[in-house]
There are 2 protein chains.
Amino acid sequence: MTSPRLRTDAAANRARILEVARDTFAAEGLGVPMSEIARRAGLGVATLYRRFPTKQDLVAEAFAEQMSQCAGMLDAALADPDPWRAFCRVVTEVCAMQARDRGFSAAFVSAFPDTAQFCALRERAEQGFAELIRRAQDAGALRRDFDVADLPLVLLANGGIRAGSPEATANASRRLVAYLLQSFRAEGAAALPPPTVIPLDTALL
Amino acid sequence: MTSPRLRTDAAANRARILEVARDTFAAEGLGVPMSEIARRAGLGVATLYRRFPTKQDLVAEAFAEQMSQCAGMLDAALADPDPWRAFCRVVTEVCAMQARDRGFSAAFVSAFPDTAQFCALRERAEQGFAELIRRAQDAGALRRDFDVADLPLVLLANGGIRAGSPEATANASRRLVAYLLQSFRAEGAAALPPPTVIPLDTALL
DNA sequence: GTAGAAGTGGAGCATGTCCTCCACTTCCAT
DNA sequence: ATGGAAGTGGAGGACATGCTCCACTTCTAC
């Protein structure tokens, strides 16, 4: 991939850029200008663009780690013998991650429009989550009319939560997720309007 | 207020601007440039700025109607003898409005930072909603740990819902609200993380 | 040490948005 | 009808942001 190895100083700079980008995007969202990232990394803009030809590229690499972290969470949940707990864990953890990282969901749609790698990851996530749903429903814990499309719904809703401080946001998100998980239980389930497929690309501004 | 009355043609233009602005903001959000609004109204930008010195002013006036519509919904709900139905109605209707209008929630925080009129309206809405909560809780329909701060939470979450078409958005929003209302019922209420006060100004981008 | 490839910085281009300026046009009281 | 206040349009100033160009610096293989 990165065939010709970078000079040592360049490699260090590249790493610093990514580190700064991760922190900054997490704290302030994807709206931060490239020049600001460059400034914080103590570099010129040109350097930044030499490593990451476009802002999307930078965002994509900056969030790659969290991407696989998500996949890891799913695998862990799939290994859990208790289906309801597994389901809750995934929803809770993904939402917590989203609440922690301001740019996370935006990165999802803005940075990986249709790279093969991303599509594969998404495909796997969908199938894994569908499996979790099936198990939890078969165990009688999750309501029968819960739909795969309800996960994007939860993520969209959770993505809307933005309180003042990071802590406040995290708290608010936790409470929302707790509410939602209670309504996902099979017990008192009353009728619902039908689910809606949500096209990911138009979902987030 | 508008002491020196406008010339008839100017008044007509002003009205047209507001009409166009309402439609455009509702359909495409507040991101639409002023020049675009002017173009659609068949006017120059200067005219627009003469009537509404700043974009905020235009937004504020464009959404004033919906503002009072909200107040009306609250009054209607307060007149409802069934506390739970009243509570559900307010949540459902406000969320539906928000889902219908892309600029609605953004307008709330961006356009009325601290005009006296707006503060008064908000104050009244908060007190009215608190009253609805109290009644529904006293009737044993609404869970005891539901907090006033949960309304902003719902609005924030609902504001995050953006599917492709207006219809899809409306559907998705309806489903989310249905889920939430079920978890707000007193019956199966399990423990929740504590509520968080949400500073409105920082809430929406 | 040194040549030259690799890397760098900052000015600056292109674009988009809010808003202002001012020469021109339109309405209305007389 | 007409003078002048009220209204208007579009160019363009100010600013922000993604990205490029190119003269200059730094590293590293020899």
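Lettering follows sequence order; numbering is per chain, from 1. Scope of the values below: all heavy atoms of this structure, side chains included, with no hydrogens, waters or symmetry mates.
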Whole angstroms only, please: what is the [atom1]-[atom2] distance between [X] and [N]?
X       : N      : atom1 : atom2 : answer
B/Gln56 : C/dT17 : CD    : P     : 18 Å
B/Lys55 : C/dT20 : NZ    : P     : 15 Å
B/Tyr49 : D/dT8  : OH    : C1'   : 16 Å
B/Arg50 : C/dC27 : CZ    : C1'   : 14 Å
A/Met34 : C/dG12 : CE    : C1'   : 17 Å
B/Leu43 : C/dT26 : CG    : C1'   : 14 Å
B/Arg16 : D/dG7  : CZ    : C1'   : 14 Å
B/Arg5  : D/dG7  : CZ    : P     : 12 Å

Do A/Tyr179 and A/Phe184 have ring centres separated by under 6.0 Å? no

Distance below 4.0 Å between [X] side-chain N/O and [N] OP1 or OP2:
X       : N      : result
B/Asn13 : D/dT8  : yes
B/Thr54 : C/dC19 : yes
A/Thr47 : C/dG9  : yes

Between C/dC18, C/dA11, C/dT8, which nucleotide has the shortest distance from any of its atoms to the side chain of A/Val45? C/dA11

For a quick check of understanding: with a heavy-atom distance under 4.0 Å over all strands, which category does [X] fall into, base, sugar-phosphate or nothing?
X       : value
B/Arg39 : nothing
A/Ala10 : sugar-phosphate
B/Gly31 : nothing

Heavy-atom donor-acceptor pair, A/Asp75 side chain to A/Gly72 backbone, under 3.5 Å: no

Does A/Asp101 use its side chain to pair, donor to acceptor, with the backbone of A/Gln98 at less than 3.5 Å? no

Of B/Thr8 and B/Val32, whose closest DNA chain C nucleotide lies nearer the 5' terminus? B/Val32

Side chains of [X] and [Y]: is there a donor and an acceptor less than 3.5 Å apart?
X        : Y        : result
B/Gln182 : A/Arg185 : no
A/Glu167 : A/Ser165 : yes
A/Arg122 : A/Gln127 : no

Do NZ/NE/NH1/NH2 and the carboxylate oxygens of B/Arg14 and B/Glu61 come within less than 4.0 Å? yes

Which residues in residues 19-28 of chain A have a heavy atom closer than 4.0 Å to any atom of DNA chain C? none

Position toward the 5' end of DNA chain D (nearest nucleotide), A/Pro33 or A/Ala46: A/Pro33

Is there, by distance only and without an angle test, a donor paired with an acceptor across the side chain of A/Arg7 and the base of D/dT28 below 3.5 Å? no

Under 30°, 30 to 60°, or over 60°: which ring-plane class applies to B/Phe63 and B/Phe104, parallel, tilted or perpendicular? tilted

